2 protein chains.
Amino acid sequence: MTEAAGDARGQTRARIEQAALDLFTLQGFEQVTIDDVALAAGISRRTFFRYFATKADAVWGDFAAHVARLGRLLEATDGAQPVLAGICAAYVEVNDYADEDLPLLRERMRLILTEPALLAHSELRYAEVDRVVAEHVARLTATAPDALLPRLVATTTRAAATTAFEVWLADGRTTLTERLMEGFSQLAAGFPGLGGGSPAVPPVGRPSAGARRHR
Amino acid sequence: MTEAAGDARGQTRARIEQAALDLFTLQGFEQVTIDDVALAAGISRRTFFRYFATKADAVWGDFAAHVARLGRLLEATDGAQPVLAGICAAYVEVNDYADEDLPLLRERMRLILTEPALLAHSELRYAEVDRVVAEHVARLTATAPDALLPRLVATTTRAAATTAFEVWLADGRTTLTERLMEGFSQLAAGFPGLGGGSPAVPPVGRPSAGARRHR
DNA sequence: CTTGCCGGTGGCACCCGGTGTCACTAGCGT
DNA sequence: ACGCTAGTGACACCGGGTGCCACCGGCAAG
């Protein structure tokens with residue numbers, strides 16, 4: 001693996017990725033076959049799978065790098081601020097795209113959120129994110145990463161982030177950063193304006209035995 | 001569609017479902033082919049797809065009925081209690097299984113949460129749930145169902161519910177209901193114990209321009 | 001220059017999930 | 001006996017994904 005070879009690989013990988021993205025946005029994810037992408041990228045079908053494990057992976061780019069960056073940002077978070085604020089800041093920074101990259105991001109996200117096959121695949125990617133965030137929370141709170149609280153924080157913050165993404169994408173009159181922070185602040189405050197202050201739901205006298213009528 | 005015919009359909013459907021579940025838990029989702037399931041259920045491969053649109057659907061049972069029931073519960077929620085409390089109660093009641101149904105539920109959920117293909121498929125199912133909850137919140141708050149707040153509430157509550165499911169499934173020393181209510185109370189309180197009271201993150205002076213260095 | 005190794009590639013066969021089509025059968029009313 | 005209908009099975013087909021092998025280029029050693 002010489003440097004030149006690595007560069008060549010990176011270039012063809014980029015070519016495949018761009019060809020795939022173009023075709024997908026133009027004709028729809030399902031309509032485009034991998035033969036189409038391979039033809040457009042000037043490679044063979046077999047080679048496509050040497051660069052991307054699945055058809056969906058061609059849309060996600062090097063998502064693993066994003067997750068790794070998020071993880072590094074979280075590790076570098078100082079313990080002064082609240083935990084949720086730190087996670088919010090990390091999410092914001094990871095998604096702080098330069099203006100010229102926004103069109104590409106929009107295409108990617110539109111595909112991921114619109115095409116059912118890609119939406120399904122996304123759950124697998126989000127699981128990686130959740131793991132990183134849960135480990136971060138577990139570190140700060142001295143609990144196990146697979147306990148309820150860390151995982152709860154991880155999945156709900158990620159849900160908030162992706163929802164912010166969706167809304168931003170839909171009407172696009174606001175900044176992604178603004179939407180993210182808006183979502184996080186709502187979440188951190190326990191959704192004020194819905195009634196029920198901080199200690200609202202907590203104990204609740206259990207639904208007793210109640211006729212278990214399910215199924 | 002006479003009554004007898006409908007019954008017959010229901011019976012074979014149940015047979016297929018059980019055969020699929022048994023084989024999946026025994027050998028793993030990916031390892032079992034649809035021919036295997038068809039053979040075990042005493043039908044043909046083609047007939048399998050007349051009962052279930054996809055391989056994954058055989059695991060989910062009649063999930064649409066669950067979603068519909070959740071929707072009805074939400075509609076019947078009285079406006080007295082806080083919104084999150086109502087959603088919590090609806091989730092709890094939908095998932096209030098009789099003891100004799102718990103083993104089956106565990107098998108189902110273990111598969112869904114463990115097998116990557118099923119985990120991916122789950123995102124498509126959860127989208128239906130989110131839609132119902134978002135419409136409920138939109139109704140109560142007199143906002144659009146596709147606005148940020150309703151969707152935020154829908155996705156985060158659902159994330160909390162599924163996480164409660166996962167943790168319940170993992171250690172199983174507590175009730176599913178308990179886990180659900182624990183998760184919801186944490187969420188509704190904005191995760192106390194992480195620092196940052198209710199009005200903690202909200203305004204935050206924006207990350208300024210900050211070198212946008214992404215990509 | 002020849003030999004052998006090695007990474008990237010293409011071609012091929014194969015598996016499997018999913019779909020469209022057609023022919024067959026059973027039940028049922030006329 | 002006739003036709004209708006619902007359910008079924010068999011078959012062909014498409015497309016994503018994998019394993020395998022053969023080829024070709026560069027490159028170091030002889």
Side-chain angles (χ1 to χ4, degrees), chain A residues 1-17 19-21 23-24 26-60 111-112 115-125, chain B residues 1-17 19-21 23-24 26-60 111-112 115-125:
Chain A
M1 190 193 289
T2 73
E3 176 187 323
D7 259 17
R9 257 196 84 85
Q11 283 176 18
T12 57
R13 182 185 166 98
R15 254 197 4 257
I16 299 174
E17 198 174 322
L21 222 58
L23 288 178
F24 292 163
L26 209 62
Q27 311 175 22
F29 183 76
E30 312 262 11
Q31 277 61 46
V32 178
T33 73
I34 294 192
D35 290 277
D36 296 335
V37 177
L39 185 65
I43 52 158
S44 79
R45 166 184 157 79
R46 191 62 188 85
T47 297
F48 174 92
F49 286 107
R50 290 205 177 90
Y51 284 88
F52 299 97
T54 71
K55 191 181 176 185
D57 282 317
V59 178
W60 283 83
L111 280 172
I112 290 174
E115 300 279 352
L118 287 172
L119 185 63
H121 185 80
S122 70
E123 187 75 0
L124 302 178
R125 296 316 180 113
Chain B
M1 190 192 287
T2 73
E3 176 188 322
D7 258 18
R9 257 197 83 86
Q11 283 176 18
T12 58
R13 181 185 166 98
R15 254 199 1 258
I16 299 174
E17 198 174 321
L21 223 57
L23 288 178
F24 292 163
L26 209 63
Q27 310 174 22
F29 183 76
E30 312 261 11
Q31 277 61 45
V32 177
T33 75
I34 295 193
D35 290 276
D36 295 336
V37 177
L39 185 66
I43 53 160
S44 80
R45 163 185 160 79
R46 191 63 186 87
T47 296
F48 174 92
F49 286 108
R50 290 202 177 91
Y51 285 88
F52 299 96
T54 71
K55 191 182 178 185
D57 282 315
V59 178
W60 283 82
L111 280 172
I112 289 174
E115 299 280 352
L118 288 172
L119 185 63
H121 185 81
S122 70
E123 186 76 1
L124 302 178
R125 295 316 179 111

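As the structure is a computational prediction, the values presented were derived from the model and not from experiment. Reminder, nothing fancy here: chain letters follow the sequence lines and each chain counts from 1.
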Protein-nucleotide distance (B/Phe24, atom CZ; C/dC16, atom C1'), rounded to Å: 13 Å
Side chains of B/Ser122 and B/Trp60 in contact at under 4.5 Å (non-hydrogen atoms): yes
Validation row: A/Phe48, A/Asp35 side chains within 4.5 angstrom (heavy atoms): no
Phosphate contact (C/dT9 OP1 or OP2) by A/Tyr51 side-chain N/O below 4.0 Å: yes
Residues A/Val32, A/Val37; criterion side chain to side chain contact (heavy atoms under 4.5 Å, CB included); working and verdict: CA-CA 7 Å; A/Val32 178; A/Val37 177; 3.7 Å; yes
Protein proximity profile, nucleotides 10-20 of chain D - base contact B, sugar-phosphate-only contact S, no contact -, cut-off 4.0 Å on heavy atoms: BB---SBBBBB
Side-chain donor/acceptor of B/Lys55 to backbone N/O of B/Thr33, under 3.5 Å: no
Interatomic distance, B/Ile16 atom CD1 to B/Ile43 atom CD1 [nearest 0.5 angstrom]: 3.5 Å
